[in-house]
Number of protein chains: 2
Amino acid sequence: MISMRSKYAIKALSYMARTRDKESFLIAEVAAAENIPKKFLEAILLTLKSQGILTSRKGPGGGYWLARSPGAITLGSIIRAFEGDLAPVPCLSETSSGTCPECSDAATCATRLAMADVQKAVSSVIDTVTLADMIERSEFERQRLSQQLDFTI
Amino acid sequence: MISMRSKYAIKALSYMARTRDKESFLIAEVAAAENIPKKFLEAILLTLKSQGILTSRKGPGGGYWLARSPGAITLGSIIRAFEGDLAPVPCLSETSSGTCPECSDAATCATRLAMADVQKAVSSVIDTVTLADMIERSEFERQRLSQQLDFTI
DNA sequence: TAAAAATCTACAAGTTCTATAGAAAGCATC
DNA sequence: GATGCTTTCTATAGAACTTGTAGATTTTTA
């Protein structure tokens, strides 16, 4: 399960990516548009900024905007900003200790060997799909369903 | 991250699968052999029993044993016994509510569409590999490393 | 200087995870 | 049928994490 943080982040970034005519976005605006608790979104956008996904400026006329194009922002970079490196076991994590306290031999650990495959499988999906891909797919799905609806009616 | 529960479960089951000469195993024995808190392991084995992975008998001469052969126990069935159905978002879960409270249209939700791919990628790994596969791979790795060590020395 | 907007610090309720303690129930053997 | 072995059940407790909220502070523009 990814956290609400990650989901809110994806929604906020999708909103910004979809609304290309605007130069910058207020926290309050994004919060209202995507139905995200404003104070919670504050912290989320701050994290996204620290990860180089968003840029911001204070003061009147300020706000947040995408630091890169939607096609250059992977789903993985968003999720990892909040979930860490998504290691299924500590010994597969680069950021943390890197060892499982209960494990005597990581090199031959059956769990670790199998989980490494899981980690790779997840990465191969989330590091490939971009914000632009996700929006395009959602839009495609929306049109497909509305056409289906037309035929049904 | 999978929980300690899942890791302990895998260790306990691996121990039983590796030790084929024994008919049944005491909780205390498995706990000592794999360095798992005994009282914690109690609850874990109980869960594995409820999932049809273990069988047990009380009283003298009793204990736990594998309900199926190691080749017929998938890693997925073990992990799911403790982590639920591993849905990356609530709307992809079969067991729980099945809806994300913050989502207005699940059918076209960009997050859901992408996460469904993640879920499928994870499942394709963990539902394929069995306890027997894991043990074999670990053993293979152990021998490979010991050979490497021979050459080094 | 005043207003706008992001940023920082602190906190709080709820949930989950890891584990422990002690009692109860079922089984085999003497 | 008593005794001891072993699983099973119930209750609890601390720690960590998640999801928010509140209020003060800093930066920027006009």
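Letters go in sequence order (proteins before strands), and every chain restarts at 1. When reading the values below, keep in mind they use all heavy atoms of this one structure, side chains included, and skip hydrogens, waters and symmetry mates. The structure displayed is predicted, hence computed values, not measured ones.
Here the P atom of nucleotide dA5(C) and the CG atom of L54(A) are 17 Å apart, to the nearest Å. Between the CD1 atom of I44(A) and the P atom of dA6(C) there is a distance of 14 Å, rounded to whole Å. The CD atom of E42(A) sits 14 Å away from the C1' atom of dA10(C) (whole-angstrom rounding). Distance, F40(A) CZ to dG23(D) P: 19 Å, rounded to whole Å. The CD-P distance, from E29(A) to dA4(C), rounds to 16 Å in whole Å. Distance L41(B) CG to dT6(D) P: 15 Å, rounded to the nearest Å.
In this structure, F82(A) reaches neither bases nor backbone, as no heavy-atom distance under 4.0 Å exists between it and the strands shown. Within 4.0 Å of L26(B), counting heavy atoms only, lie sugar-phosphate atoms of the nucleic acid but no base atom.
For the contact set between residues 2-14 of chain B and DNA chain D, defined by any heavy atom under 4.0 Å, there are no members. Listed by residue number, the members of residues 31-39 of chain A with any heavy atom below 4.0 angstrom from DNA chain D are P37(A), K39(A).
Expressed to the nearest 0.5 Å, how far OG of S77(B) lies from CG of L13(B) amounts to 8.5 Å. Summarising the geometry, atom CD belonging to E141(A) is positioned 5.5 Å from atom CG belonging to L113(B); distances are rounded to the nearest 0.5 Å. In this structure, SG in C100(B) is found 8.0 Å from CZ in R112(B), a value given to the nearest 0.5 Å.
Checked for salt-bridge contact, E34(B) and R18(B) meet the test: a charged N lies under 4.0 Å from a carboxylate O. Ion pairing of R80(A) with D127(A) is present here, as a side-chain N (NZ or NE/NH1/NH2) and a carboxylate O approach within less than 4.0 Å.
With a 4.5 Å cut-off on side-chain heavy atoms, R57(B) and W65(B) count as touching.
Side-chain contact, E29(A) with Y15(A): a donor N or O sits under 3.5 Å from an acceptor N or O. Inspection of the S56(B) and K49(B) side chains reveals an N or O donor paired with an N or O acceptor under 3.5 Å. For the 3.5 Å distance criterion, the side chains of S3(A) and E83(A) qualify, holding a donor opposite an acceptor.
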(request) At under 4.0 Å between heavy atoms, which parts of nucleotides 25-30 of chain D does protein reach? Answer with one letter per nucleotide, 5' to 3': B base, S sugar-phosphate only, - none. (result) -BBBB-
(request) Both distances under 3.5 Å, Watson-Crick or G-U wobble: on that basis, could you give the dot-bracket string for DNA chain C, with [ ] for crossing pairs and | for other-strand partners? (result) ||||||||||||||||||||||||||||||
(request) Quick one: do K7(A) and I36(A) satisfy side-chain contact (heavy atoms from CB on, under 4.5 Å)? Show the steps, please. (result) CA-CA 10 Å; K7(A) 286 200 278 183; I36(A) 302 170; over 6 Å; no
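Legend: residues meeting side chain to side chain donor-acceptor pair (under 3.5 Å) with R137(A), ordered by chain and number and at least two apart, are D117(B). Qualifying ring-ring contact (aromatic ring centres under 6.0 Å, His included) partners for F140(B), counting only residues two or more places apart in sequence or in other chains: none.
Exactly one of L54(A), T19(A), L45(A) qualifies for a side-chain contact (heavy atoms from CB on, under 4.5 Å) with F25(A). That residue is T19(A).
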